[in-house]
Amino acid sequence: MKGVIFAIALLLCSCGSSGNRYIIEGSTSKSDGEYYYLFSGMDVVDSAVVTAGHYHFEGVVDSLIPIRNIGSTNLSDPYKMTRFTPVILESGTVTVIEDDNSPTGGLVVSGTKGNNALRQFVIKGIELQERGKEAFSAEERMAVNSAYDELVDKTIRKNLNNFTSVYLLTLSGERYTAEQKQRFISRLSPAMQQTKAAVELKRSLQTTKID
């Protein structure tokens, strides 16, 4: 009986850990032996070698910083990114493909809820940006700005349980009052409230209240 209980415990542990892992499956036109990297800022946190047009990352989801940047570059000059885009490291399999016609920087990231939502936001945001460039009247520009504000709000509200919401709230923080930020944060899932970005945002709001 003890052996059965021990085996069940091992199974539960293995299921729990696999549910908290991310996998990135990438396809590329780069040559075998070249590398793709995961960056935190400009620091490399992981690398993957290209083999037969594919590369692979795998790891445990970081509950504090669940977003990185993925790209290929010559590490002697990391500012010369040949391909570079954000990727949310969340449970599941993330796919990354090359597409020079994509508005998301040549790399298309998809496969999980957060990455799908972030990609759709970027595509729609770029469409609105292009509309804004063609707008001649103040009314047209105001309409585009209002549409963008609505896009941000809608995307945040629909993704309170993944990092897309926190990411956009951080990037667009100046658009919101302290009360609006507090309201958004209070509606985030417990896991998202514990991320570093959300914790720092809450801390900044507390500091503002004190001041």
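Applying the salt bridge (charged side-chain N to carboxylate O under 4.0 Å, His left out) test to pairs two or more places apart or on separate chains, those with a residue in residues 127-148 are Glu130-Lys133. Each salt bridge (charged side-chain N to carboxylate O under 4.0 Å, His left out) pair with one or both residues in residues 172-186, not counting sequence neighbours, appears once here: Asp149-Arg175. The salt bridge (charged side-chain N to carboxylate O under 4.0 Å, His left out) analysis of residues 48-70, with sequence neighbours excluded, yields the pairs Arg21-Glu58, Asp62-Arg68. The ring-ring contact (aromatic ring centres under 6.0 Å, His included) analysis of residues 52-72, with sequence neighbours excluded, yields the pairs Tyr36-Tyr55. Among residues at least two apart or in separate chains, side-chain hydrogen bond (donor to acceptor under 3.5 Å, both in side chains) pairs with a member in residues 152-161 are Lys113-Asn161, Asp153-Tyr176, Asn159-Asn162.
Scanning for side chain to side chain contact (heavy atoms under 4.5 Å, CB included) contacts around Asn69 gives Phe39, Phe84, Pro86, with sequence neighbours left out. With sequence neighbours excluded, the residues that form a side chain to side chain contact (heavy atoms under 4.5 Å, CB included) with Val199 are Arg203. Here Ile97 pairs with Ser27, Val108 under the side chain to side chain contact (heavy atoms under 4.5 Å, CB included) rule; sequence neighbours left out. Residues satisfying the side chain to side chain donor-acceptor pair (under 3.5 Å) criterion with Ser110, sequence neighbours excluded, are Thr95. When the side chain to side chain contact (heavy atoms under 4.5 Å, CB included) test is applied to Thr93, the partners found at least two apart in sequence or on another chain are Ile23, Glu25.
Other residues, nucleotides and ligands contribute over 12 non-hydrogen atoms within 6.0 Å of the NZ atom of Lys202.
The CG atom of Asn20 lies 11.5 Å from the CD atom of Glu90; values are rounded to the nearest 0.5 Å. How far OG of Ser72 is from CD of Glu34: 7.5 Å, rounded to the nearest 0.5 Å. Distance check: Leu169 CG to Ile156 CD1 gives 5.0 Å after rounding to the nearest 0.5 Å. Residue Tyr22 holds its OH atom at 11.5 Å from OG of Ser91, rounded to the nearest 0.5 Å. Atom CG in Leu151 sits 6.0 Å away from atom CG in Leu128 (nearest 0.5 Å).
Shortest non-hydrogen contact noted between Gln194 and Leu64 is O-CD2, 3.4 Å. Taking both residues in full, the closest heavy atoms of Leu188 and Met192 are given as CB-CB, 4.1 Å, listed atom of the first, atom of the second, then distance. Nearest approach of Gln193 to Ala198, heavy atoms of both residues: O-CB, 3.7 Å. The two atoms that bring Thr170 and Ala197 nearest to each other are OG1-CB, 3.9 Å, heavy atoms only. When every heavy atom of Ala117 is checked against every heavy atom of Thr164, the shortest pair comes out as CB-OG1, 4.0 Å.
Ser40 places no side-chain N or O within donor-acceptor distance of the main-chain N or O of Asp43, the cut-off being under 3.5 Å. Panel note: side chain Thr112, backbone Val94; no donor-acceptor pair is recorded below 3.5 Å.
Donor-acceptor pairing under 3.5 Å is recorded for the side chains of Ser29 and Glu98.
In terms of hydrophobic clustering, with Ile, Leu, Val, Met, Phe, Trp and Tyr side chains grouped at heavy-atom distances under 4.5 Å, Leu171 and Tyr148 are assigned to a common cluster.
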>> Test side-chain contact (heavy atoms from CB on, under 4.5 Å) on Ile65 and Leu89; report intermediate values, then the result.
In response: CA-CA 9 Å; Ile65 312 175; Leu89 305 184; over 6 Å; no
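Residue Val87 is tested with Leu38, Ile67, Leu107 for a side chain to side chain contact (heavy atoms under 4.5 Å, CB included); the sole match is Leu38.
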